[in-house]
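Here is the structure we will look at, set down as structure tokens.
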Amino acid sequence: MDESVFISTPDHVTLEFELAGPGSRFSAYIIDFVFSVVLIVVIVLALYASGALVTLRSLVGAARGSSWGASWIMALVVLIIFLINWGYYVLFEGLGKGSTPGKKRVGIRVIRQDGLPIGLREAALRNLVRAADMLPPPSYILGGLVMHFDPQGRRLGDMLAGTYVVVEKFDLAAQGASGAAWASRVEQGRSRQALTLPRGTISPQQIGLIERFLARRHELSEERRAQLVWQIAEPLLPMLGEDRDSLARRHDRTERCEWLLMQIIELAQAKAPNIAVAEKTTPPAALF
Amino acid sequence: MQNADEKLEQWTQFYRRAQRILQAGPRGLRKLTGAELTRLIDDYQALTADLARARSLGAARETVDQLNRIAVAGHNLIYGQIRLREGGATSRGFASFAAVVRRHAWAVALAALMFFGSAVVSFVAVELNPSLGYDLLSDEFLDFDPASPDNLHHIPSLARPVVSSLIISNNIQVTLLAFGFGLTAGIGTSLLLIFNGIHLGSVAGWMSLHGKDRALWGWIMPHGATELLAICLAGAAGYILASAIIAPGQLRRATALKRVGGQALTIELGCMVMLVIAGLIEGFVSPSAVDYTSRIAVLLASVALWALYFFGAGRNRNERLADEPPSN
């Protein structure tokens with residue numbers, strides 16, 4: 001499964017959406033399952049309570065045959081349980097721009113293939129065929145297999161409705177300040193500079209790679225994180241005055257490498273806004 | 001040239017404005033004046049230019065992410081107002097169900113063959129070999145005692161709302177499965193139709209062996225045409241999905257599925273409406289004391305109405321469009 005899906009708009013803008021993995025989708029499913037069960041219990045109890053009142057009134061003798069009320073309430077209970085069972089996702093996703101309570105909690109949502117939020121039609125399509133993805137019930141093995149082999153991580157219902165499930169992580173307030181410095185450089189047409197150190201130069205591409213790694217390292221598995229940080233840091237060690245072999249044997253190798261990478265970013269960020277040198281420094285052949 | 005803070009302020013403002021308009025609903029854009037609208041679009045274009053620049057010049061990941069997210073809000077606002085008509089839709093509203101069914105008559109025929117074919121086979125099998133009944137039927141059917149010579153069940157009127165809602169939800173569930181299992185290349189849909197057909201056929205065979213067939217038909221007639229037709233149509237919806245998986249033509253399977261999805265959904269939603277009607281009849285009319293002639297009358301009336309609807313509705317205006325290829 002790819003990490004992101006890129007959607008091209010009619011005005012040739014490319015929008016990027018990070019795809020939600022099976023893990024976050026499954027946790028959202030569990031939350032929604034619990035929530036819908038609670039919803040059913042609460043509504044049914046409320047209706048029984050009102051049903052009990054109707055029966056009580058008939059016992060007191062308000063009107064003969066008013067247990068009709070109780071009968072209709074029973075019918076309503078049956079219909080409501082059915083509606084929540086099959087309509088929970090359709091209604092929440094269709095009216096809530098692709099989000100259910102569980103998806104909101106996990107931070108994912110459903111979008112159409114053109115990047116717009118889904119409506120009732122897409123929500124109905126992708127959720128009314130859940131039974132097929134769930135085969136053999138309730139294992140979701142079929143849907144899981146299809147998701148695994150699809151580059152965009154779609155289950156069958158997603159293919160039918162033409163939808164992706166994407167990560168919705170955005171907090172404008174929290175991200176505001178740090179974007180500013182970069183934005184100014186983007187506006188001036190020169191982005192990140194190469195970082196020139198006494199013993200070598202780190203290219204803008206490498207700095208970008210380090211930033212990406214640092215931003216996402218918490219989402220990686222322990223093993224993958226250690227492996228990646230070593231891959232990124234190893235070629236840079238001579239420039240930083242570190243001895244590769246002794247570092248390789250250290251038990252806190254990963255922590256040390258991450259600390260080094262953070263130092264590089266700090267240097268790059270401190271230096272970049274003032275720097276006036278040519279930004280297109282060719283990286284030394286030894287690197288990458 | 002703006003400095004970074006001004007730039008950030010502009011984006012943040014744009015984002016907030018976009019969110020506000022989005023929250024005002026689908027008609028939010030129409031409330032804007034011409035000047036506001038122009039400014040909104042200018043801002044969006046400046047923003048998307050910044051995004052493209054940030055990407056190609058290799059700005060920090062979080063800057064790109066941030067710009068990207070604001071651009072998504074802008075895109076959703078500006079393009080979200082345009083809802084393209086679904087490709088291949090030939091009619092709207094009331095007539096669309098009938099039009100889609102006519103267009104996929106092959107699927108309806110296949111579903112009917114599976115369902116009624118297995119019903120006929122099992123009916124004949126039980127007639128020829130009555131001991132089969134013990135294998136195919138549960139005890140409640142084996143020694144079923146009709147409420148009257150003309151009718152199987154008599155349900156007290158107090159229980160009818162509950163019975164009716166149970167029948168409606170159960171039947172709709174069956175059609176939802178027949179529809180969704182189309183995604184198993186039609187295998188699940190076929191199994192579902194065949195099992196239900198065998199059940200119907202063997203009950204009918206057993207009842208007729210034991211002289212209870214008049215009561216059985218008396219029971220089935222008022223709601224049967226609507227209910228059995230709806231089951232076949234849901235099977236057809238499943239087979240439409242299956243056709244996109246088995247024979248996607250030159251398209252990718254996911255694309256083929258997406259293209260037929262809307263039409264299959266129209267059929268499935270139509271089936272749900274039919275089953276609500278059938279369930280109300282089955283809960284309130286079939287188990288009542290209505291006489292045999294009236295039962296036949298209800299059957300004929302429902303057959304006539306559905307025939308009129310499925311062969312007639314929306315035909316004059318839109319049918320010729322149906323042969324044209326879908327537009328997207």
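Labels below follow one simple rule: chain letters A, B, ... track the order of the sequence lines, proteins then strands, and each chain is numbered from 1.
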Note to self: Using a 4.5 angstrom heavy-atom cutoff, name the option from B:Gln45, B:Glu268, B:Arg55, B:Arg253 with the most pairs to chain A.
What the structure shows: B:Arg55
Margin query: Quick check on A:Thr14 against chain B: is it the side chain, the backbone, both or neither that has a heavy atom closer than 4.5 Å?
Written below: both
Notebook entry, point to check: Less than 4.5 Å apart, any side-chain heavy atom of B:Thr48 and any of B:His75?
Noted result: no
Margin query: Under a 3.5 Å distance rule, please check whether A:Asp133 uses its side chain to pair with a backbone N or O of A:Gly157 as donor and acceptor.
Written below: yes
Check: Is the closest side-chain heavy-atom distance between A:Leu128 and A:Val90 below 4.5 Å?
Finding: yes
Check: Between B:Val162, B:Leu177, B:Leu51, which residue shows the highest count of heavy-atom pairs closer than 4.5 Å to chain A?
Finding: B:Val162
Margin query: Please identify, among A:Val13, A:Leu15, A:Asn85, A:Val129, the residue contributing the most non-hydrogen atom pairs under 4.5 Å to chain B.
Written below: A:Leu15
Check: Under a 4.5 Å heavy-atom cut-off, does chain B meet the side chain of A:Ile81, its backbone, both or neither?
Finding: neither
Check: Which heavy atom of A:Tyr88 sits nearest a heavy atom of A:Ser36, and at what distance?
Finding: CD1-CB, 3.7 Å
Notebook entry, point to check: At their closest point, which heavy atom of B:Leu251 faces which heavy atom of B:Ala256, and how far apart are they?
Noted result: CD1-CA, 3.9 Å
Item checked: Side chain, backbone, both or neither of A:Asp11 within contact of chain B (heavy atoms, under 4.5 Å) -> both
Notebook entry, point to check: At their closest point, which heavy atom of A:Thr201 faces which heavy atom of A:Gln206, and how far apart are they?
Noted result: O-OE1, 4.3 Å
Check: So which of B:Leu269, B:Val163, B:Val64, B:Ile172 has the biggest tally of heavy-atom pairs under 4.5 Å with chain A?
Finding: B:Ile172
Check: If you tally heavy-atom pairs under 4.5 Å against chain B, which of A:Val77, A:Leu125, A:Leu79 wins?
Finding: A:Leu125
Check: At a heavy-atom separation under 4.5 Å, does B:Ala71 approach chain A through its side chain, its backbone, both, or neither?
Finding: both
Note to self: If you count heavy-atom pairs within less than 4.5 Å of chain B, which of A:Met159, A:Arg130, A:Gln113, A:Glu16 leads?
What the structure shows: A:Glu16
Next item on the list: Return yes if some donor-acceptor pair links the side-chain N/O of B:Asn196 with the main-chain N/O of B:Leu192 below 3.5 Å, else return no.
Entry: yes
Notebook entry, point to check: Pick from B:Ile168, B:Leu166, B:Thr184, B:Asn170: which one has the most heavy-atom pairs with chain A under 4.5 Å?
Noted result: B:Leu166
Note to self: Please identify, among B:Leu241, B:Leu183, B:Ile245, the residue contributing the most non-hydrogen atom pairs under 4.5 Å to chain A.
What the structure shows: B:Leu183
Item checked: Side chain proximity check, A:Leu142 to A:Met134, heavy atoms < 4.5 angstrom -> no
